[in-house]
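Report on the following structure.
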Amino acid sequence: QVQLVESGGGLVQAGGSLRLSCAASGRTFTYYGMGWFRQAPGKEREFVAGISWRGDSTYYKDSVKGRFTISRDNAKNTVYLQMDSLEPEDTAGYYCGVSRWGSVTKDMTDFDSWGQGTQVTVSS
């Protein structure tokens, strides 16, 4: 079992930036795809960004393409989400997950471990 701890959330004005981190411990992190999801109040959890185990393949939700960047450092067992040009619609709890597979995936059923989440609030 892998344990995930997200950090880096906060309150930011529209147009600002935040960098989320997700630190993993327990099960080997290196050979698994990772992903970031978000959930706003009253809405279902949705995919935001995913990355393959080598970091050579990424995939993004259309509305964050060009604004968000996912990356990982396997030596530090950490995955990041750089969020620029934030919009009020990005307000949500952000969660990282570990996939069962090494390739990038956006299917939530492929993820079997989740962190507790970090809140991102973007004011207009």
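Positions are given from 1, in the same order as the sequence printed here. Computed over heavy atoms, backbone and side chain alike; hydrogens, waters and symmetry mates excluded.
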Answer whether the closest heavy-atom distance between the side chains of Val98 and Met34 falls below 4.5 Å. yes

Smallest heavy-atom separation, Val48 atom then Val64 atom, equals O-CG2, 3.7 Å

Lys43: which residues meet the side-chain contact (heavy atoms from CB on, under 4.5 Å) condition with it, sequence neighbours left out? Ala40

Quick one: closest heavy-atom pair of Ser99 and Thr105, and the distance? OG-CG2, 3.6 Å

Check: Asn74 side chain, Arg54 main-chain N or O, donor-acceptor pair, under 3.5 Å: no

Any idea which heavy atoms bring Pro88 and Ala14 closest together, and the distance? CD-CB, 4.1 Å

Distance only, no hydrogens: is a donor on one side chain within 3.5 Å (strictly under) of an acceptor on the other, for Thr109 and Asp107? yes

I'd like to know if the side chain of Arg67 and the backbone of Ser85 have a donor-acceptor N/O pair within less than 3.5 Å. yes

I'd like to check Thr69 versus Tyr60 (side-chain heavy atoms, cut-off strictly below 4.5 Å). Are they in contact? yes

Would you say Phe47 and Met108 are hydrophobically clustered, going by side-chain heavy atoms of ILVMFWY under 4.5 Å? yes

So CD of Gln119 and OG1 of Thr91: to nearest 0.5 Å the spacing works out to 7.5 Å

Tell me, please, which residues at least two apart from Val12 pass side-chain contact (heavy atoms from CB on, under 4.5 Å). Leu18, Leu86, Val122

Ala92 backbone acceptor or donor facing Gln39 side chain under 3.5 Å: no

Compare all side-chain heavy atoms of Val120 with those of Met83 and state whether any distance is below 4.5 angstrom. yes

Are the side chains of Glu6 and Gln116 in touch, meaning some heavy atoms are under 4.5 Å apart? yes

Pairs touching residues 23-53 that satisfy disulfide (SG to SG under 2.5 Å), sequence neighbours left out: none

Atom CZ of Arg100: over 12 foreign heavy atoms under 6.0 Å: yes

Restricting to pairs with a member in residues 19-51, which pass disulfide (SG to SG under 2.5 Å), not counting sequence neighbours? Cys22-Cys96

Asp73 side, atom CG; Thr30 side, atom OG1 - distance, nearest 0.5 Å: 9.5 Å

With rounding to the nearest 0.5 angstrom, report the OG1 to CG distance, Thr78 to Leu4. 10.5 Å

Any donor-acceptor pair under 3.5 Å from Thr118 side chain to Gly9 backbone: yes

With a 4.5 Å heavy-atom cut-off, do Trp36 and Val79 have their side chains touching? yes

Going by side-chain contact (heavy atoms from CB on, under 4.5 Å), name the residues that satisfy it together with Arg19, two or more places apart in sequence or in a different chain. Tyr80, Gln82

First locate atom OH of Tyr94, then atom OG of Ser7, and finally report the distance between them rounded to the nearest 0.5 Å. 15.0 Å

Side chains of Leu81 and Arg38 in contact at under 4.5 Å (non-hydrogen atoms): no

Residues forming a ring-ring contact (aromatic ring centres under 6.0 Å, His included) with Trp114, sequence neighbours excluded: Phe37, Phe111

Determine whether Tyr32 and Val2 make a side-chain contact, defined as any pair of heavy atoms from C-beta on separated by less than 4.5 Å. no

